[in-house]
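Following: one structure in structure tokens, then a few remarks.
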Amino acid sequence: MKQLMSKVVLYLSSLLLAAVHGTHYRIYGFQPQRRYIFPPMVHGSAVLPVSRPSVLASPPYIASPRHKPEPRTIPVQPPTDTACKSRPMDLVFIIDSSRSVRPQEFEKVKVFLSNMIDTIDMGEKATRVAVVNYASTVKIEFFLKTYFAKAAMKIAISKISPLSTGTMTGLAIQTALEEAFTEASGARHPSLNIPKVAFIVTDGRPQDKVQDISVRARAAGIEMYAVGVDRADMQSLKLMASEPLDDHVFYVETYGVIEKLTSKFKETLCGIDFCAPGRHDCEHTCVATDASYYCKCHDGYKLNPDKKTCSRKEEVRKIVEKEDPCKCEALVEFQRKVNTYINSLTTKHIL
């Protein structure tokens, strides 16, 4: 009976403890176990895991959001102008558009012309450009005085159509000489010493004479460049071009690679910049000339004997000693007194 009563008392005690647990727990001398369950913190698009301890003695820790840096704008440098700043010239392109030049090949010629325009410093007081289109007939697409803006000229070049007949190269050179290189067409007066340059681009053998008219053109002061493509006759190119031939005659296998000549012609038309980085040894300032360069120094410096390096000038101060006008008189007075004293001593000694 006693055992049964003990079990009943133990059972009722358990129920009582369960009812008061979490409210008046301090009277029983122990701390309750509290569990905190947190959802994962979301920052931007990243999910940050949170540790989940089974027992925490304090409220949950709330992490402060990470600092997001302000977006930084990176300045974009505008493209630099690749046109050379050489002396102005009157430049005429003479392009072959005969039947042997396929339409897609002629399009590459126009791309070549546009690229050449990009390398030139164009303008009314800079380089002027004209285009002569030829086959068995000749057509001046535009004169030296027509366009002074690159954008408008490139649009005009894109609209040039091939003439698609024979190859009258001599007639094209004559037309350029007598019509394109005239003051009425925009060429500058000879007294201004503006160079006249002609570029001939052809892929065939001329059907007329080119030697005599080329001699006339060169005698008129026109510098002639001849560019042969594919089936071009090399002997005819040499008859048209100026001397030295190595610098004025060019050949490419196909129109597909004619654009590679752009950089070569840019160097030819612009000339070599002797003061470009890596071309000179001047310590301070490089001054370019037509054939070379020379070095200059900044203010306060002088050029050393090597003509390249500079050193600071030594300040020479001229010290001018002024004679004291009273100095000589004082000296004379001192000498007089000394002589008087000596004379007095001598007199006393004698007496």
Side-chain angles (χ1 to χ4, degrees), residues 90-114 116 129-144 156-182 185 187 196-261 264-265 268:
D90 292 334
L91 176 62
V92 176
F93 291 100
I94 305 173
I95 57 173
D96 178 4
S97 65
S98 59
R99 184 174 294 125
S100 60
V101 183
R102 299 178 181 88
Q104 62 271 24
E105 294 175 336
F106 190 70
E107 291 300 316
K108 294 186 180 297
V109 175
K110 294 194 290 185
V111 172
F112 166 69
L113 293 182
S114 295
M116 288 290 293
V129 179
V131 173
V132 176
N133 185 13
Y134 80 95
S136 59
T137 58
V138 180
K139 178 183 179 182
I140 300 180
E141 298 292 344
F142 51 84
F143 294 95
L144 293 170
I157 289 174
S158 67
K159 296 179 179 180
I160 297 176
S161 300
L163 302 176
S164 301
T165 47
T167 310
M168 303 295 288
T169 308
L171 179 60
I173 297 174
Q174 181 179 350
T175 303
L177 173 63
E178 297 177 353
E179 299 184 32
F181 281 110
T182 62
S185 298
K196 293 178 172 55
V197 180
F199 271 89
I200 305 167
V201 182
T202 181
D203 76 333
R205 182 187 297 273
Q207 296 177 342
D208 57 353
K209 303 292 184 179
V210 297
Q211 183 174 4
D212 293 341
I213 189 61
S214 297
V215 171
R216 282 181 54 195
R218 294 194 295 267
I222 301 175
E223 186 176 7
M224 306 282 286
Y225 290 86
V227 181
V229 184
D230 194 12
R231 299 171 296 275
D233 179 55
M234 186 59 66
Q235 184 60 32
S236 298
L237 298 177
K238 294 179 180 180
L239 292 175
M240 293 184 285
S242 299
E243 295 285 347
L245 296 179
D246 289 342
D247 295 333
H248 293 83
V249 177
F250 300 89
Y251 175 81
V252 292
E253 292 80 4
T254 64
Y255 282 100
V257 296
I258 194 173
E259 298 176 29
K260 296 182 179 180
L261 293 176
K264 175 63 178 177
F265 288 145
T268 300

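- Pairs engaging residues 209-222 under the side chain to side chain donor-acceptor pair (under 3.5 Å) rule: E178-R216 [sequence neighbours left out].
- The minimum heavy-atom distance linking S98 with G166 is given by the pair CB-O, 3.1 Å.
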Q. Does the salt bridge (Lys or Arg N to Asp or Glu O under 4.0 Å) test come out yes or no for E107 and K110, once each step is laid out?
A. CA-CA 5 Å; E107 291 300 316; K110 294 194 290 185; 3.0 Å; yes
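- Scanning both residues, I94 and A198, for their nearest heavy atoms gives CD1-CB, 4.4 Å.
- Shown here for E141 and I160, the closest heavy-atom pair between the two residues is OE2-CG2, 3.6 Å.
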Q | Candidate pair Y255 and V109, rule side chain to side chain contact (heavy atoms under 4.5 Å, CB included), full reasoning | A | CA-CA 7 Å; Y255 282 100; V109 175; 3.2 Å; yes
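- Heavy-atom minimum distance, A180 versus V92: CB-CG2, 4.2 Å.
- Of the possible polar contacts, none joining the T165 side chain to the A135 backbone as a donor-acceptor pair under 3.5 Å is found.
- Using cut-offs of 30° and 60° for the angle between ring planes, the F93 and F112 rings count as perpendicular.
- One finds the OG atom of S100 at 11.5 Å from the CZ atom of F106 (value rounded to the nearest 0.5 Å).
- Separation of atoms CZ (R231) and CD (E253) is listed at 13.0 Å; rounding is to 0.5 Å.
- For the atom pair OG1 of T167 and CG of L163, the computed distance is 11.0 Å after rounding to the nearest 0.5 Å.
- No donor-acceptor pair closer than 3.5 Å links the side chain of K139 to the backbone N or O of N133.
- For the atom pair D96 CG and Y134 OH, the distance stands at 4.0 Å (nearest 0.5 Å).
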Q: Would you check, one step at a time, whether the test side chain to side chain contact (heavy atoms under 4.5 Å, CB included) holds for V201 with L113?
A: CA-CA 10 Å; V201 182; L113 293 182; 5.8 Å; no
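- A donor-acceptor pair under 3.5 Å is absent between the side-chain atoms of K238 and the main chain of V249, judged by distance alone.
- Panel note: side chain S185, backbone L144; no donor-acceptor pair is recorded below 3.5 Å.
- The backbone N or O of M224 sits less than 3.5 Å from a side-chain atom of S242, completing a donor-acceptor pair.
- We find the CD1-CG distance between I222 and L177 to be 5.0 Å, quoted to the nearest 0.5 Å.
- Between the side chain of Q207 and the backbone N or O of M168, no donor-acceptor pair lies under 3.5 Å.
- In terms of heavy-atom proximity, A187 sits nearest to F181 at CB-C, 3.8 Å.
- Scanning both residues, A232 and G228, for their nearest heavy atoms gives CB-CA, 3.5 Å.
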Q.
Quick one, L237 with T202, criterion side chain to side chain contact (heavy atoms under 4.5 Å, CB included). Give me CA distance, side-chain angles, the key distance, then yes/no.
A. CA-CA 9 Å; L237 298 177; T202 181; 3.9 Å; yes
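- The backbone N or O of D230 sits less than 3.5 Å from a side-chain atom of Y251, completing a donor-acceptor pair.
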**Q.** Pair F142-I157, side chain to side chain contact (heavy atoms under 4.5 Å, CB included): steps then yes or no
**A.** CA-CA 9 Å; F142 51 84; I157 289 174; 4.0 Å; yes
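- Between the side chain of D208 and the backbone N or O of G170 there is at least one donor-acceptor pair closer than 3.5 Å.
- The CG atom of D203 sits 11.5 Å away from the CG atom of D233 when rounded to the nearest 0.5 Å.
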